Amino acid sequence: KQEVTQIPAALSVPEGENLVLNCSFTDSAIYNLQWFRQDPGKGLTSLLLIQSSQREQTSGRLNASLDKSSGRSTLYIAASQPGDSATYLCAVRPNGSARQLTFGSGTQLTVLP
Amino acid sequence: GAVVSQHPSWVICKSGTSVKIECRSLDFQATTMFWYRQFPKQSLMLMATSNEGSKATYEQGVEKDKFLINHASLTLSTLTVTSAHPEDSSFYICSASGQGAQYFGPGTRLTVL
């Protein structure tokens, strides 16, 4: 059974810092990996999706990497802003016909002004 | 991008009553919809997967007679929490699969008194 772990569970940084969020998964047979943002009491906003054949994806100040063989992904946030404060979730989709995403428990990020 | 809506966004009910939550894909057809539950400070846990016109597939530990799922059309799925109890209080999020990706609704906050 796939397990997804995110470290740290919570992170607080001053505005302007670059930071890295970590995600690891136990089964490397994945179809893709996705990073989401969740604001308190809200649904999920997709940030980046990396296919299993890709190594990284970039969107603005965000960069996500994927090392499938080692079961790891990182989300790099450059020049953090208070508006980046949220919970960040990573999720993996398995190979095969199943489409269910398995989510990590998230990293709660607070960017202090 | 594709939009998934949920209604209501929040609901408060008395113990023993039933609550229906709607999930709609607004601008695409979703052959598969997923229902997740999220308790405070925890990640999303998949409850069930529903395909249009067929019975839902429930995850282990989820009572199918308590959480009734109907996926009557390619744009609508409903989750009915029957005889709700305080322990059913949670954040329920639906997701629709379409256009090669999975899109999430904004969630429904259920509070059972």
Side-chain angles (χ1 to χ4, degrees), chain A residues 1-11 21-26 30-54 57 59 73 86-110, chain B residues 1-11 21 23-26 30-52 56-62 71 89-111:
Chain A
K1 180 183 176 183
Q2 178 74 270
E3 292 184 4
V4 181
T5 303
Q6 289 186 246
I7 295 173
L11 180 64
L21 307 181
N22 297 291
C23 172
S24 61
F25 46 95
T26 55
I30 64 169
Y31 184 71
N32 58 37
L33 181 145
Q34 205 163 353
W35 282 92
F36 295 89
R37 168 185 173 139
Q38 185 177 30
D39 292 287
K42 304 292 184 182
L44 275 64
T45 301
S46 179
L47 298 174
L48 290 165
L49 184 150
I50 310 177
Q51 300 294 347
S52 62
S53 58
Q54 298 175 320
Q57 281 285 333
S59 176
S73 176
T87 295
Y88 291 80
L89 298 162
C90 78
V92 298
R93 177 175 282 107
N95 281 331
S97 60
R99 301 176 190 177
Q100 298 94 325
L101 289 169
T102 300
F103 284 85
S105 54
T107 293
Q108 186 174 355
L109 172 66
T110 302
Chain B
V3 177
V4 176
S5 70
Q6 280 185 242
H7 178 80
S9 56
W10 59 270
V11 57
I21 303 170
C23 175
R24 294 181 184 271
S25 56
L26 297 185
T31 54
T32 305
M33 286 189 173
F34 307 90
W35 286 95
Y36 294 84
R37 180 167 53 184
Q38 185 180 34
F39 291 106
K41 303 289 186 183
Q42 296 185 24
S43 191
L44 280 72
M45 297 300 295
L46 181 66
M47 299 175 66
T49 302
S50 74
N51 292 297
E52 185 264 338
T57 301
Y58 290 81
E59 295 298 301
Q60 191 173 10
V62 178
H71 192 163
S89 298
S90 187
F91 193 55
Y92 292 87
I93 301 177
C94 77
S95 176
S97 180
Q99 303 177 342
Q102 193 169 332
Y103 303 94
F104 288 81
T108 297
R109 172 73 59 193
L110 170 64
T111 301

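Chain A is the first sequence line, chain B the second, and so forth, proteins listed ahead of strands; every chain is numbered from 1. Computed from a predicted model, the values in this text were never measured in an experiment.
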Are the side chain of A/S52 and the backbone N or O of A/N32 linked by a donor-acceptor pair below 3.5 Å? no
Taking every non-hydrogen pair under 4.5 Å, which of B/R109, B/M45, B/Q42, B/Q38 racks up the most with chain A? B/Q38
Can you tell me which portion of B/Q6 sits under 4.5 Å from chain A's heavy atoms? Options are side chain, backbone, both or neither. neither
Check each atom of A/Q108 against the heavy atoms of chain B and say whether the ones under 4.5 Å are side chain, backbone, both or neither. side chain
Less than 4.5 Å to any heavy atom of chain A: does that hold for the side chain of B/I93, its backbone, both, or neither? side chain
Centre-to-centre under 6.0 Å for B/F39 and B/F91, is that the case here? no
Taking atom CD of A/Q54 as the centre, report whether more than 12 heavy atoms of other residues, nucleotides or ligands fall under 6.0 Å from it. yes
Is a side-chain donor-acceptor pair under 3.5 Å present for A/Q34 with A/S46? yes
Counting heavy-atom pairs closer than 4.5 Å to chain B, which one of A/G104, A/A91, A/G106 comes out on top? A/G104
Compute the ring centroids of B/Y36 and B/F104, then answer whether they are less than 6.0 Å apart. yes
Side chain, backbone, both or neither: which part of A/L89 has an atom under 4.5 Å from a heavy atom of chain B? side chain
